[in-house]
A.B. asks: 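Okay, handing you the structure first.
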Amino acid sequence: MIKTIRGTRDILPPESGLFAYVESVAREVFRRFNFDEIRTPVFEKAELFARSVGEETDIVSKEMYTFTDRDGTALALRPEATASVVRAFLEHQMGNEPGLKRFYYLGPMFRRERPQKGRYRQFFQIGAEVLGGDHPALDAEVIEMVTEYLRCLGIQEFSLLLNSIGDRQCRPAFLQALRVAAEPVKEKLCENCRRRLVTNPLRILDCKEESCQPYIDQFPSILDFLCAACGAHFEKLRALLDERGLRYQLTPRMVRGLDYYTRTTFEITSDLLGAQNSLLGGGRYDGLSEMLGGPPVKGIGFAIGLDRFVLVLSQIRPALGEDPVQLFVAWLGPKAFSKAYELTQKCRQTGVRCVIEFEELKLKKALSNADRMKAGHVLIVGEDEIARNSFQLKDMKAGSQESLSESELLARLSSLPGRL
RNA sequence: GUGGGUGUAGCUCAGCUAGGUAGAGCGCCAGGUUGUGGCCCUGGUGGCCGUGGGUUCGAUCCCCAUCACCCACCCCA
């Protein structure tokens with residue numbers, strides 16, 4: 001048998017319903033903040049990601065799905081979407097259009113990493129980006145939008161972690177200070193941190209190794225190194241968040257792995273998942289456009305990893321996304337089928353989710369089937385009912401049933417439980 | 001890429017450390033008579049024991065290899 005390839009999976013009902021639900025809520029909430037959907041290709045020139053995400057990052061150096069096109073062009077399946085959105089902005093000269101551009105996207109991304117709980121090689125993200133401005137209110141708006149999104153999904157318990165990692169003006173000085181502080185104690189740091197000291201000093205800051213903590217606590221804070229512009233931006237953002245009652249934890253040790261981030265970074269975590277507790281992350285990337293060879297275009301965005309997100313949601317709200325049959329139409333006697341089918345059509349036209357069997361079943365069997373598919377109601381259409389224009393509508397949960405004429409039945413449909 | 005774990009019925013697993021070609025629960029199907037589900041009872045269906053080699057008279061069980069999945073690390077969100 002041919003099976004799914006490693007790190008990919010089929011998303012089956014009811015989980016697929018949960019994905020669809022989470023996506024529909026995102027569309028609805030983001031729309032209220034005036035975001036439009038953008039759909040970019042799932043594959044791009046590999047160079048796009050090498051230049052934006054960073055040549056030296058693991059994502060590009062060993063986790064990207066790259067392949068050569070027939071003409072020799074190096075292509076890659078997108079490992080994330082921010083670079084593509086900025087590319088699209090530049091390619092279509094959107095900088096010439098008035099105002100800011102607010103986009104959201106959703107779809108599959110690809111990374112060739114070893115699969116793990118909630119992590120796949122084809123994974124799904126929902127993200128949003130605002131391009132064309134760097135007002136701190138934009139940062140606040142994006143953060144507000146994503147918390148509103150969580151609220152709409154019924155996720156109340158989460159922490160917003162906030163930091164600023166400066167920009168190309170001020171970060172080098174901080175990195176230098178960090179190296180200076182770490183050098184004397186480097187023998188005391190864990191193996192990973194000793195390596196990071198060379199490869200990516202920033203990441204020492206979010207080392208989880210217990211023995212490193214005392215030293216890390218002594219290291220300088222990025223916030224003390226922000227230049228005037230970055231500092232002012234961050235202060236203003238914090239003031240706005242405070243003003244709107246959006247509580248956050250100042251987390252100077254939270255850094256980003258991707259090269260393009262500047263200034264604001266944020267992350268939302270939830271205790272519901274244990275160690276891998278991050279639900280989403282985002283930040284500002286004011287230099288990304290230029291890294292891609294474009295004019296200066298400021299931007300900020302975030303991305304939610306849906307696979308893990310859905311995992312959390314299914315734990316706290318198991319029924320979310322379920323959409324069972326609302327009306328099961330059971331018919332009795334060979335002459336009843338056409339009328340039963342006609343009623344089914346009419347019910348469907350009013351938006352009710354209906355199912356009708358094509359082979360005649362004993363009523364007992366029909367009810368049993370309806371029960372197994374969690375049907376809310378069963379409509380019984382026998383030859384007697386047709387003759388009397390009086391159909392039996394059975395409430396499966398309550399076990400009660402009532403007689404209704406065709407017009408009464410159709411009038412009742414809007415009150416059936418279930419979607420819409 | 002590294003380390004550990006697991007692969008037996010549709011699902012969750014037992015059996016394997018006394019090697020003799022398999023069990024439970026759930027599910028599924030059919031009944032418990034005539035047009036009323038869920039519960040209960042009865043019967044039934046169902047497995048090349050991941051795959052390929054080896055040892056053996058004989059292997060689900062022992063050995064080797066391989067593949068897949070899971071967990072963790074690395075990394076990242």
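By convention in this document, chain letters (A, B, ...) are assigned in the order of the sequence lines, proteins followed by strands, and residues within each chain are numbered from 1.
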A.B. asks: Is there, by distance only and without an angle test, a donor paired with an acceptor across the side chain of A:Glu385 and the base of B:G35 below 3.5 Å?
C.D. replies: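 Result: at least one qualifying N/O pair found.
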A.B. asks: If I pick the P atom on B:G35 and the same atom on B:G27, what distance separates them, to the nearest angstrom?
C.D. replies: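 Here B:G27 and B:G35 have their P atoms 26 Å from each other.
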A.B. asks: With C1' as the reference atom in both, quote the distance from B:U51 to B:G46 in angstrom, rounded to an integer.
C.D. replies: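 That atom pair is separated by 22 Å.
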A.B. asks: If you assign A:Tyr261 and A:Val381 each to the RNA chain B nucleotide with the nearest heavy atom, which residue ends up on the more 5' nucleotide?
C.D. replies: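 Closest to the 5' end, via its nearest nucleotide, is A:Val381.
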A.B. asks: Rounding to an integer number of angstrom, what distance separates B:G38 and B:C29 when you compare their P atoms?
C.D. replies: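 My reading of the P atoms in B:G38 and B:C29 gives 12 Å.
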A.B. asks: Rounded to whole angstroms, how far apart are CZ on A:Phe328 and P on B:U36?
C.D. replies: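 Atom-to-atom, A:Phe328 to B:U36, this comes out as 15 Å.
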A.B. asks: Just by distance, no angles: are the side chains of A:Glu129 and A:Thr82 close enough, under 3.5 Å, to form a donor-acceptor pair?
C.D. replies: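 Yes, side-chain donor-acceptor contact under 3.5 Å.
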A.B. asks: Would you check if there is a donor-acceptor pair between the side chains of A:Ser84 and A:Glu44 at a distance under 3.5 Å?
C.D. replies: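 Present: a donor and an acceptor within the cut-off.
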A.B. asks: Assign B:A18 to syn or anti; the rule is syn for a glycosidic angle within 90° of 0 and anti otherwise.
C.D. replies: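 Syn conformation for B:A18.
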A.B. asks: Whole-Å distance between B:G37 P and A:Gln392 CD?
C.D. replies: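 Computing the A:Gln392:CD to B:G37:P distance gives 15 Å.
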A.B. asks: Quick one, A:Asp139 with A:Arg284, criterion salt bridge (Lys or Arg N to Asp or Glu O under 4.0 Å). Give me CA distance, side-chain angles, the key distance, then yes/no.
C.D. replies: CA-CA 8 Å; A:Asp139 304 39; A:Arg284 179 160 281 290; 2.7 Å; yes
A.B. asks: Tell me whether the OP1 or OP2 atom of B:G38 has a side-chain N or O from A:Arg372 closer than 4.0 Å.
C.D. replies: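 Checking B:G38 against A:Arg372, no side-chain N or O comes under 4.0 Å of OP1 or OP2.
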A.B. asks: Of A:Glu267 and A:Thr8, whose closest RNA chain B nucleotide lies nearer the 5' terminus?
C.D. replies: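 Final value for this comparison: A:Thr8.
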A.B. asks: Tell me whether the OP1 or OP2 atom of B:G31 has a side-chain N or O from A:Lys362 closer than 4.0 Å.
C.D. replies: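 For A:Lys362, the contact criterion (side-chain N or O under 4.0 Å from OP1 or OP2 of B:G31) is met.
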A.B. asks: Looking only at side-chain N and O atoms, does A:Gln401 come under 4.0 Å of OP1 or OP2 in B:U36?
C.D. replies: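 No, A:Gln401 has no side-chain N/O under 4.0 Å of OP1/OP2 on B:U36.
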A.B. asks: Could you give the distance separating B:C13 and B:G47 at their C1' atoms, to the nearest angstrom?
C.D. replies: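 These two C1' atoms come out 14 Å apart once rounded.
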A.B. asks: Could you tell me how far apart A:Ile204 (CD1) and B:C76 (P) are, to the nearest whole angstrom?
C.D. replies: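 The distance from CD1 of A:Ile204 to P of B:C76 comes to 13 Å, rounded to the nearest Å.
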A.B. asks: Taking atom C1' in both B:C49 and B:G20, compute the distance separating them and give it to the nearest angstrom.
C.D. replies: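 Per the computed distance, 15 Å lies between those C1' atoms.
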A.B. asks: What integer distance in Å separates A:Met373:CE from B:G38:P?
C.D. replies: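 It works out to 15 Å between those atoms.
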A.B. asks: Quick one: do A:Lys346 and A:Glu342 satisfy salt bridge (Lys or Arg N to Asp or Glu O under 4.0 Å)? Show the steps, please.
C.D. replies: CA-CA 6 Å; A:Lys346 286 178 177 166; A:Glu342 180 195 323; 3.0 Å; yes
A.B. asks: Do A:Ile126 and A:Tyr149 make a side-chain contact, defined as non-hydrogen atoms from C-beta onward lying under 4.5 Å apart?
C.D. replies: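 SC-SC contact between A:Ile126 and A:Tyr149 confirmed.
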A.B. asks: For residues A:Glu360 and A:Pro334, determine if any side-chain heavy atom of one lies less than 4.5 Å from a side-chain heavy atom of the other.
C.D. replies: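 Yes, side chains in contact.
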A.B. asks: Determine which bases of RNA chain B form Watson-Crick or G-U wobble pairs with both distances under 3.5 Å, and write the result as a 5' to 3' dot-bracket string with | for other-strand partners.
C.D. replies: (((((((..((((.........)))).(((((.......))))).....(((((.......))))))))))))....
A.B. asks: Is the shortest side-chain N/O distance from A:Arg114 to OP1 or OP2 of B:U2 below 4.0 Å?
C.D. replies: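 So the side-chain polar atoms of A:Arg114 never come under 4.0 Å of the phosphate oxygens OP1 or OP2 of B:U2.
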A.B. asks: Using atom C1' in both nucleotides, what's the gap between B:U45 and B:G7 to the nearest angstrom?
C.D. replies: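 About 25 Å, rounded to a whole number of Å.
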A.B. asks: Mind checking A:Gly399 for me? I need base, sugar-phosphate or nothing, with any heavy atom below 4.0 Å counting as a touch.
C.D. replies: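 Result for A:Gly399 = base.
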A.B. asks: State whether the distance check finds a donor on one side and an acceptor on the other, under 3.5 Å, for side chain A:Asp371 versus base B:G37.
C.D. replies: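 Side chain to base: pair present.
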A.B. asks: What integer distance in Å separates A:Glu360:CD from B:U34:C1'?
C.D. replies: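 Distance check: A:Glu360 CD to B:U34 C1' gives 14 Å.
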A.B. asks: Say we look at B:U34 and B:G15: how far apart would their P atoms be, to the nearest angstrom?
C.D. replies: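 45 Å, rounded to whole Å.
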A.B. asks: Report yes or no: is there a donor-acceptor pair, N or O only, under 3.5 Å between the side chain of A:Lys394 and the base of B:U36?
C.D. replies: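 For A:Lys394, whose side chain was compared with the base of B:U36, there is a donor-acceptor pair (under 3.5 Å).
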A.B. asks: Judged by modelled atom types alone, do A:Tyr104 and A:Arg27 share a side-chain donor-acceptor pair under 3.5 Å?
C.D. replies: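 A pair is found: one side chain offers a donor N or O, the other an acceptor, under 3.5 Å apart.
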A.B. asks: Expressed as a whole number of angstroms, how long is the span from A:Gln116:CD to B:U2:P?
C.D. replies: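 Distance check: A:Gln116 CD to B:U2 P gives 16 Å.
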A.B. asks: Could you give the distance separating B:A9 and B:G5 at their P atoms, to the nearest angstrom?
C.D. replies: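 The same atom, P, in both gives a distance of 22 Å.
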A.B. asks: In whole angstrom, what separates A:Arg121's CZ from B:G1's C1'?
C.D. replies: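 Interatomic distance, CZ of A:Arg121 to C1' of B:G1: 11 Å.
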A.B. asks: Does the side chain of A:Arg203 get closer than 4.0 angstrom to OP1 or OP2 of B:C76 through an N or O atom?
C.D. replies: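 It does, given that an N or O in the side chain of A:Arg203 lies less than 4.0 Å from OP1 or OP2 of B:C76.
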A.B. asks: Of the options B:C75, B:C70, B:G37, whose atoms approach the side-chain atoms of A:Pro115 most closely?
C.D. replies: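 Ranking B:C75, B:C70, B:G37 by closest atom to the A:Pro115 side chain puts B:C70 first.
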A.B. asks: Given atom CZ of A:Arg119 and atom C1' of B:C73, what is their separation to the nearest angstrom?
C.D. replies: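 Roughly 11 Å, once rounded to whole Å.
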A.B. asks: Passes side-chain contact (heavy atoms from CB on, under 4.5 Å), A:Leu161 versus A:Thr269? Steps please.
C.D. replies: CA-CA 8 Å; A:Leu161 311 183; A:Thr269 63; 3.9 Å; yes
A.B. asks: Whether the A:Arg263 and A:Tyr285 side chains hold a donor-acceptor pair (N or O, under 3.5 Å, no angle test) is what I'd like checked.
C.D. replies: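 Judged by distance alone, the side chains do not pair up.
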A.B. asks: Is A:Lys365 close enough to B:C29 that one of its side-chain N or O atoms is under 4.0 Å from OP1 or OP2 there?
C.D. replies: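 For B:C29, OP1/OP2 do have a side-chain N/O of A:Lys365 under 4.0 Å.
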A.B. asks: Check every strand shown and say whether A:Asn369 touches a base, only sugar-phosphate, or nothing at a heavy-atom separation below 4.0 Å.
C.D. replies: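 No contact at all - A:Asn369 keeps every heavy atom at 4.0 Å or more from the nucleic acid.
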A.B. asks: Take the angle between the ring planes of A:Phe43 and A:Phe67 and call it parallel below 30°, perpendicular above 60°, tilted in between.
C.D. replies: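 Ring orientation, 0 to 90° scale: tilted.
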A.B. asks: Measuring from the side chain of A:Ile380 (C-beta onward, heavy atoms only), which nucleotide among B:C76, B:A72, B:G35 has the closest atom?
C.D. replies: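 Of the candidates, B:G35 comes closest.
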